[in-house]
**Q** 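Before I ask anything, let me first share the structure, which is written out below as structure tokens.
The figures here come from the full heavy-atom set of this structure, side chains too, leaving out hydrogens, waters and symmetry mates. Keep in mind that what you see is a predicted model, and the values were worked out from it rather than measured.
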Amino acid sequence: MHYTDILDVDKKNVQKARKYSLSIMDEEMSVEEVIRTLHEKNISVEPEEYFYALQVISENTDNEETLINAFPGMFKAFEAHLKPEPPRKFSKDHPLRLYRQENEAMYDYFDDGVHMLRYEFDQAAWIRYAKEAQVYKTHLVRKQNQLYPQLGDKGITGPLRILWSYDDDVKNALTEFEKATLDGHEKAIQSAFYTVYDVTAFLMRIEEKLLYPAAFKLLTLNEFIKMEVGDDEIGYAFIEPPAHSQKERQMMRGLEILMLHHDGSELSGDTILNLSTGRMSLRQLNLMLSHLPFDLTFIDENDLVRFYNSRANRLFPRSAGVIGRDVKNCHPRESLAKVEALIEDLRTGQRAYADFWYPRGEEMILVRYIGVRDSSDVFRGILELAMDLAPFQKIEGVHRLADE
């Protein structure tokens with residue numbers, strides 16, 4: 001169902017939210033003027049009404065970059081005028097409850113950092129602290145792979161691109177913070193810490209006051225239950241994974257199978273598949289793909305994600321929520337133009353493949369994008385392969401099976 005059919009909103013409130021947000025975006029009013037006007041006219045809106053207004057604005061703007069850049073001022077103006085979410089009782093493993101628990105844990109983590117600032121500078125302690133802080137990226141990855149696709153299925157796009165942008169600000173700030181601790185300059189570390197604090201606190205306020213209340217209204221209980229499968233796959237930040245009962249796990253696994261076999265097929269693990277150079281069961285094929293020493297993702301000719309191999313310790317976490325999603329919605333706005341250009345190069349055959357590599361901690365990541373073409377040279381999609389080259393860079397000498 002489309003968001004316009006799901007959300008029961010007061011259209012007058014949506015119009016007011018749109019009007020005053022546009023006045024900030026178009027620089028017709030300052031943030032302070034809008035705050036004063038909202039206060040004087042006693043205007044308040046439900047979180048889903050403001051979410052609705054943002055979507056309408058994004059659908060009618062020629063420059064989404066302007067909307068994204070104006071959003072902090074828009075949110076500042078409306079933050080105090082968003083009606084609080086009523087108390088809700090969530091199950092212990094409800095995705096929205098777990099997102100909130102992670103944010104609470106991150107606030108506690110920031111408190112620890114503030115206390116560290118009061119004591120004598122200890123570089124080793126800051127290195128440990130910054131390294132531990134990187135786990136919050138799991139919160140962002142899970143949200144981007146799980147929650148955003150579900151909302152995207154409801155026709156929500158603009159608010160997600162705004163959120164994705166600020167997710168990336170947090171990721172980048174966390175990375176720079178860790179680099180600063182390794183460099184060891186006290187003032188630079190303090191500055192990087194405050195940057196992480198500011199951008200993360202801002203994002204968490206958006207999540208708590210806007211995203212989660214709107215998501216609750218947009219998604220069904222079954223859709224949240226489906227998310228739990230991928231949530232466990234990707235992992236959690238600062239909190240313990242929910243302890244599902246055996247019955248719950250069986251139900252979740254059944255839902256996962258339904259998601260992955262959305263075409264209604266009734267293939268069993270023992271079904272024999274005739275491949276171009278052999279025959280094997282579906283179970284054998286899945287096991288083979290899950291044991292490859294690299295990440296594999298396939299995008300079809302319509303730019304939709306159709307497959308990823310579910311292997312232990314993936315370099316780039318994936319979940320079932322990404323299946324069927326437009327690959328362009330899986331990348332931050334800063335790299336979108338380059339992603340589109342690469343897809344076009346592979347589609348037209350200008351490039352057969354493209355390699356990219358970069359260090360990530362102790363890893364050396366190689367990502368290869370391969371244009372997939374059939375025997376008639378018709379473009380059928382893109383294969384993405386990602387692996388850690390670091391172990392291979394250490395190889396020296398000769399080691400044959402005969403040497404065992």
Side-chain angles (χ1 to χ4, degrees), residues 123-142 144-145 167-168 170-185 188-189 192 196 233-235 237 285-299 305 307-319 322 327 330-332 334-336 338-339 341-343 345-346 350-373 381-404:
Q123 184 187 0
W126 278 108
I127 289 174
R128 289 193 299 272
Y129 179 87
K131 185 174 183 179
E132 291 169 4
Q134 304 305 307
V135 75
Y136 189 71
K137 292 177 181 177
T138 304
H139 170 94
L140 306 175
V141 170
R142 199 172 76 255
Q144 291 172 346
N145 281 270
D167 288 347
D168 288 335
V170 173
K171 285 183 184 178
N172 293 336
L174 284 166
T175 299
E176 292 304 313
F177 177 40
E178 187 171 30
K179 288 180 181 177
T181 61
L182 295 173
D183 290 340
H185 302 295
I189 291 173
V196 171
E233 250 183 79
I234 293 172
L285 179 60
N286 278 321
L287 284 170
M288 181 184 74
L289 292 169
S290 67
H291 282 75
L292 293 174
F294 47 78
D295 293 4
L296 205 61
T297 305
F298 179 70
I299 298 99
V305 179
F307 170 83
Y308 67 90
N309 63 332
S310 180
R311 74 182 187 97
N313 303 315
R314 278 187 63 95
L315 298 173
F316 301 102
R318 295 280 189 270
S319 69
V322 78
V327 70
C330 301
H331 293 83
E334 290 82 0
S335 62
L336 186 57
K338 293 180 180 179
V339 170
L342 174 59
I343 291 173
D345 282 353
L346 295 172
Q350 186 168 338
R351 286 199 270 184
Y353 66 90
D355 287 340
F356 303 92
W357 57 92
Y358 55 90
R360 188 178 72 175
E362 296 180 355
E363 301 167 326
M364 173 54 73
I365 306 297
L366 169 69
V367 182
R368 170 170 286 194
Y369 297 96
I370 306 168
V372 177
R373 316 187 84 82
I382 297 172
L383 192 63
E384 177 193 270
L385 181 154
M387 67 186 304
D388 177 15
L389 295 180
F392 302 100
Q393 291 176 319
K394 299 175 183 177
I395 292 177
E396 294 180 350
V398 177
H399 182 70
R400 299 185 179 92
L401 178 61
D403 299 329
E404 287 290 322

**Q** So, using salt bridge (Lys or Arg N to Asp or Glu O under 4.0 Å) as the criterion, who are the partners of Arg368 when residues are at least two apart?
**A**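 Counting only residues at least two positions away or on another chain, Arg368 forms a salt bridge (Lys or Arg N to Asp or Glu O under 4.0 Å) with Asp355.
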**Q** List the atom pairs, donor and acceptor, that lie under 3.5 Å between side-chain atoms in residues 394-404 and the rest of the protein, sequence neighbours left out.
**A**
residue	atom	partner	partner atom	Å
His399	NE2	Glu404	OE2	2.8
Asp403	OD2	Arg400	N	2.7

**Q** How far apart are the closest heavy atoms of Gly235 and Arg142, and which atoms are they?
**A**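 In this case the closest contact between Gly235 and Arg142 is O-NH1, 3.1 Å.
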**Q** For Arg360, check side chain to side chain donor-acceptor pair (under 3.5 Å) against everything at least two apart and list the hits.
**A**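 Result, side chain to side chain donor-acceptor pair (under 3.5 Å) vs Arg360: Glu363.
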**Q** Which heavy atom in Arg351 sits nearest to a heavy atom in Ala354, and how many Å separate them?
**A**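 That would be NH1-CB, 3.6 Å.
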**Q** Using 0.5 Å steps for rounding, measure from the CD atom of Glu384 to the OH atom of Tyr308.
**A**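 So the CD of Glu384 and the OH of Tyr308 are separated by 13.5 Å.
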**Q** Side chains of Lys171 and Val141: does their closest heavy-atom pair fall under 4.5 Å?
**A**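 Of all side-chain heavy-atom pairs linking Val141 with Lys171, at least one is under 4.5 Å.
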**Q** With sequence neighbours excluded, what pairs up with Phe307 under the side chain to side chain contact (heavy atoms under 4.5 Å, CB included) test?
**A**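 Result, side chain to side chain contact (heavy atoms under 4.5 Å, CB included) vs Phe307: Leu289, Phe298, Asn309.
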**Q** Between Val196 and Ala173, what is the shortest heavy-atom contact and its length?
**A**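 Answer, listing the atom of Val196 first, then Ala173: CG2-O, 3.2 Å.
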**Q** Verify side-chain contact (heavy atoms from CB on, under 4.5 Å) between Asp168 and Gln144, making sure each step is shown before the conclusion.
**A** CA-CA 11 Å; Asp168 288 335; Gln144 291 172 346; 4.1 Å; yes
**Q** List in chain and number order the residues that pass salt bridge (Lys or Arg N to Asp or Glu O under 4.0 Å) with Lys179, two or more places apart in sequence or in another chain; answer none if no residue qualifies.
**A**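 Counting only residues at least two positions away or on another chain, Lys179 forms a salt bridge (Lys or Arg N to Asp or Glu O under 4.0 Å) with Glu176.
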**Q** Any chance you could measure Arg318, atom CZ, to Asp295, atom CG, to the nearest 0.5 Å?
**A**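 If I round to the nearest 0.5 Å, the distance is 7.0 Å.
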**Q** Locate the shortest heavy-atom distance separating Ser310 from Ser290; write the atom from each residue and the value.
**A**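 Of all heavy-atom pairs spanning Ser310 and Ser290, the closest is O-CB, 3.3 Å.
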**Q** Taking atom CG of Leu342 and atom OH of Tyr353, what is their separation to the nearest 0.5 Å?
**A**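 Going from CG on Leu342 over to OH on Tyr353, the span is 13.0 Å.
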**Q** Between Lys137 and Glu178, is there a salt bridge with N-O shorter than 4.0 Å?
**A**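 Salt bridge flag = no for Lys137 with Glu178.
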**Q** Mind running side-chain contact (heavy atoms from CB on, under 4.5 Å) on Ile189 and Phe177 for me, showing each step along the way?
**A** CA-CA 7 Å; Ile189 291 173; Phe177 177 40; 4.1 Å; yes
**Q** In Å, rounded to the nearest 0.5 Å, how long is the span from CD of Gln123 to CG of Asp183?
**A**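 Spacing of CD (Gln123) from CG (Asp183) equals 8.5 Å.
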**Q** Has Phe356 got more than 12 heavy atoms of other residues, nucleotides or ligands less than 6.0 Å from its CZ?
**A**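 Yes, CZ of Phe356 has more than 12 neighbouring heavy atoms, counting only those of other groups under 6.0 Å.
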**Q** For the residue pair Trp126 and Tyr129, categorise the inter-ring angle as parallel (less than 30°), tilted (30 to 60°) or perpendicular (more than 60°).
**A**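 Judged by the thresholds at 30° and 60°, the geometry between Trp126 and Tyr129 is perpendicular.
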**Q** Just verifying a value: how many Å separate Leu366 CG and Phe392 CZ, rounded to the nearest 0.5 Å?
**A**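 Atom-to-atom, Leu366:CG and Phe392:CZ are 10.5 Å apart.
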**Q** Around atom CD of Glu362, are there more than 12 heavy atoms from other residues, nucleotides or ligands closer than 6.0 Å?
**A**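 Counting other residues, nucleotides and ligands, CD of Glu362 stays at 12 neighbours or fewer.
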**Q** Kindly indicate whether the side chain of Ile365, heavy atoms from C-beta on, has any atom under 4.5 Å from the side chain of Val367.
**A**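 Side chain of Ile365 against side chain of Val367, heavy atoms only: contact under 4.5 Å found.
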**Q** Which heavy atom of Leu140 sits nearest a heavy atom of Asp167, and at what distance?
**A**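 The answer is CD1-O, 3.6 Å.
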**Q** Can you tell me how far OH of Tyr369 sits from CD1 of Ile382, rounded to the nearest 0.5 angstrom?
**A**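 If we round to the nearest 0.5 Å, Ile382:CD1 and Tyr369:OH are 9.0 Å apart.
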**Q** For Arg128, what residues pass the side chain to side chain contact (heavy atoms under 4.5 Å, CB included) criterion, not counting sequence neighbours?
**A**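 Arg128 satisfies side chain to side chain contact (heavy atoms under 4.5 Å, CB included) with Ala124, Ala125 once adjacent residues are dropped.
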**Q** Test side-chain contact (heavy atoms from CB on, under 4.5 Å) on Thr297 and Phe316; report intermediate values, then the result.
**A** CA-CA 10 Å; Thr297 305; Phe316 301 102; over 6 Å; no
